Each structure stands twice: as C-alpha cells, then as structure tokens.
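Some notes on the structure that comes next.
Because only heavy atoms are used, hydrogens play no part in the values below, and waters and symmetry mates are left out as well, while side chains stay in. Atoms within each ligand, like the ligands themselves, are counted from 1 in listed order. This is a predicted model, so every value here is computed, not measured.
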Amino acid sequence: MLTITITSLSGGQGKTTTALFLGRLLSRQGFPTLMLDSDPQHNLTTYLGFELEPNQPTLLEFLKKTVTPEDCIYPTSYNDNLFLIPADDQLDTVQDYLSNSGVGATLLKRRLEAVAKIFKVCIIDAPPQRSQICLTVIGAADYLVIPAEASVKGYGSLVRTLDLLGGLRDVGATNAEVLGVLPFRDRWFGNTQAQESRAAVEGMRDEVDAGLVLPSIRESERYKQAINKRATLSELGYTDLEYPFEILIEKIGKLIGSK
Ligand code: ATP
Ligand code: MG
C-alpha cells in the first residue's frame, strides 16, 4: 500500500478538496483506495456523506486499537473501491494518547500495516495545525502532497510544512518525500494571472524543485459544486479543471506500479 498524506500547515489550503478528488479518481481507476480523515473538524467524513453515531468506531479507535482495524473502515456510496476511516470531533482526545505513547510519530504507520494488504493506496487528509495528529500522519506517509493557496498565506503554509518535514526527517520520524506542491485557488482573469497568484507560485518554485510544483487548482466555484454533488469534475463536464489531479494520478499510478 502506498500512503500519501495531504498536508499544509494553515487552514483552507485545499487539503480536504485534494484528498477527496484524489480518492474518487483513484478508486474510479480501479485501485482499492482507503481514505483516512485525520482532522477533528471531519470535513472529509462529511463530504463523503457520513453521519456517524457516537458509538461508531473512527480513527480514534483505530489509533488506540480498542477495536479491530476492520471495524473502523467503512465502504462509501461512491463506488466499491473507495473506503474511509472517518473522524469526529472526539478525535482531538487522541493528542495526549499520542504524546504519552512515546512513539507518536510512528504509531499510525504501525497501525496501517494491519490493512496494507487490502488496499493499493491510502490517502490521508491532515489537520491544519502542527499537532500530534499531524506528526503521526506525516510519519505514516511514503509521500506528501502539499496544497498551498496561491497567495502570501499559502506560500507561508508551504514553507512551514517543508520546515516540519525537514525536522521530522532529520530525527528519523518520517521517510516521507514530497510528491508534489499543488497551488490552490490560483486566480486568473481571462488569460492573465493575478499578480499575487503569480508571485506566490513563483515563490513555491523557488522553495522546492520546480518540477514538483503541479499545475494549479484554479479559483472556481465548480470545485465546490463537484464536492456538493459527490462527483468528480469530469463527471460534471469540467474535464479541464481536473488536469492537476490527472497529473498527480499519473505520478501515483507509476509509484503503485513500481511498489
Ligand atoms: P482546513 O485546513 O480547514 O481543513 P483545507 O486545507 O482542507 O481546510 P479545503 O476545505 O479543501 O481546505 O478548502 C477550503 C475552502 O475552499 C472550502 O470551502 C472549499 O469548498 C473551497 N474550495 C475548494 N476548491 C476551490 C476552488 N477551486 N476555488 C475556490 N474555492 C475552493
Ligand atoms: Mg480540511
């Protein structure tokens, strides 16, 4: 199983949007795909149409190992290949458990070993804060995708995320590599890119190998429409807007093939 964490250390950087479309597209291509919602705000869980009862197992129980791993994995209505380990706001209570465990950064990686034979790929939606949960989802990753708004705030989010990754790699808490940086809400007026967007994307190209900066997610209501209608962009006829994800899926497909 190839594990990819979608992370970026600010709110509203496109993490959940990216995780959701990647999961849908990978599963539609026939890959058994596990999505994991690691944000106590649980937007991914909501977008996938789940309303959990308080007693239903989630990522909290998966991490604490209080039930069998399979009991925390739910099929989704999207298709037969897409599964979810959901979250609810109780997930916040796992922070102490992770820090007291002494192996917080590697705990999720260990837990995922139990299901690694069932899925080809695991897509993790990370929370925006630099929390214990954030450390464990980066620790579990083979690769990171870092979405970052094409703005000053987004550039800062990328820099903080790369700093954290560097620090964790330095102490052996993760082996994750950056698979791609995905500029989010890139603003264009006709054929002209907004100045702030252009400056931010150029800044991103200076921070990482320029080849790692993926084609942008444009500022557009159509992404929200697709999220709300539980569809992919191409299913709604917006094939051109799906391009950044197609490039990512191509990269991921090659990695799965070589695993
Ligand atoms: P958080 O840090 O709160 O978890 P996030 O990084 O997961 O946020 P998203 O929730 O994916 O970010 O996106 C932030 C907001 O932008 C959402 O309301 C989403 O619907 C909206 N959005 C998604 N795609 C686009 C787009 N292409 N253009 C404009 N807004 C978008
Ligand atoms: Mg989110």
Side-chain angles (χ1 to χ4, degrees), residues 4-25 35-50 58-59 84-89 91-92 95 123-138 141 144-162 164-165 178 180-189 193-194 196-197 200-201 204 214-248:
I4 299 173
T5 295
I6 319 298
T7 181
S8 193
L9 285 176
S10 278
Q13 298 299 307
K15 295 178 288 293
T16 305
T17 302
T18 302
L20 183 69
F21 285 123
L22 269 187
R24 283 182 183 159
L25 286 167
M35 306 215 63
L36 195 151
D37 188 352
S38 76
D39 186 352
Q41 294 181 96
H42 60 84
N43 290 335
L44 181 66
T45 301
T46 309
Y47 289 170
L48 284 167
F50 282 80
T58 63
L59 179 60
L84 173 70
I85 299 181
D88 61 19
D89 48 18
L91 182 60
D92 248 337
Q95 308 277 13
I123 302 287
I124 301 176
D125 183 22
Q129 306 85 4
R130 191 189 167 115
S131 58
Q132 290 291 324
I133 297 176
C134 187
L135 302 187
T136 207
V137 297
I138 294 178
L144 301 186
V145 171
I146 309 176
E149 205 174 54
S151 66
V152 174
K153 180 181 172 190
Y155 172 76
S157 184
L158 170 63
V159 170
R160 279 197 301 284
T161 309
L162 292 172
L164 176 61
L165 175 63
V178 177
V181 171
L182 186 52
F184 178 61
R185 300 183 71 167
D186 187 358
R187 283 187 301 138
W188 286 72
F189 305 100
Q193 190 178 20
E196 188 187 12
S197 292
V201 176
M204 292 175 196
L214 296 156
S216 300
I217 295 179
R218 297 278 182 107
E219 168 82 26
S220 164
E221 290 299 307
R222 290 176 170 171
Y223 289 82
K224 288 187 221 170
Q225 272 177 36
I227 292 170
N228 293 336
K229 292 198 170 149
R230 305 217 176 124
T232 59
L233 290 149
S234 53
E235 282 166 341
L236 295 189
Y238 308 137
T239 308
D240 51 330
L241 295 182
E242 207 158 78
Y243 185 61
F245 299 109
E246 277 169 23
I247 299 293
L248 247 182

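- The backbone and the side chain of E219 each have at least one atom closer than 4.0 Å to an atom of ligand 1 (non-hydrogen atoms only).
- When S157, G14, S8, A126 are ranked by how near their heavy atoms come to atom 12 (O) of ligand 1, first place goes to G14.
- On a distance-only criterion, D125 and ligand 1 share no N/O pair closer than 3.5 Å.
- Residue contact check: G11 has heavy atoms under 4.0 Å from atoms 2 (O) of ligand 1.
- Other residues, nucleotides and ligands contribute more than 12 heavy atoms inside 6.0 Å of the CZ atom of R160.
- Below 30°, between 30° and 60°, or above 60°: for F21 and Y223 the angle between ring planes is above 60°, a perpendicular geometry.
- With rounding to the nearest 0.5 Å, the separation of OG1 in T18 from CD1 in I123 is 10.0 Å.
- Considering backbone and side-chain atoms alike, R218 places an N or O below 3.5 Å from some N or O of ligand 1.
- Protein heavy atom nearest atom 17 (C) of ligand 1, with residue, atom name and distance: Y47 OH, 4.4 Å.
- In K15, the parts holding a heavy atom less than 4.0 Å from any atom of ligand 1 are both the side chain and the backbone.
- Among the atoms of T16, an N, O or S atom is found under 2.8 Å from the Mg ion (ligand 2).
- Of the heavy atoms in Q41, only side-chain atoms (C-beta onward) come closer than 4.0 Å to ligand 1.
- K15 places a side-chain N or O within 3.5 Å of a backbone atom of S10 that can act as its donor or acceptor partner.
- Close approach of ligand 1 to D39 is summarised as follows: ligand atoms under 4.0 Å from at least one heavy atom of the residue are 4 (O).
- Closest to atom 23 (C) of ligand 1 among all protein heavy atoms lies T17 OG1, 3.4 Å.
- Every atom of ligand 1 with a heavy atom of P128 under 4.0 Å away is listed here by number and element: 2 (O).
- Closest to atom 8 (O) of ligand 1 by heavy atom, among G154, P147, G12, is G12.
- The protein reaches atom 27 (N) of ligand 1 closely, with a heavy atom under 4.0 angstrom from it.
- If you look at I217 next to ligand 1, the close heavy atoms, those under 4.0 Å, all belong to the side chain.
- Annotation for ligand 1: atoms under 4.0 Å from non-hydrogen atoms of S10 are 2 (O).
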**OP:** Would you sort out whether L236 and R222 count as a side chain to side chain contact (heavy atoms under 4.5 Å, CB included), showing the intermediate values?
**Re:** CA-CA 9 Å; L236 295 189; R222 290 176 170 171; over 6 Å; no

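- If you check which protein heavy atom lies closest to atom 20 (O) of ligand 1, you get K224 CG, 3.2 Å.
- Under 4.0 angstrom from ligand 1, there are no non-hydrogen atoms of T18.
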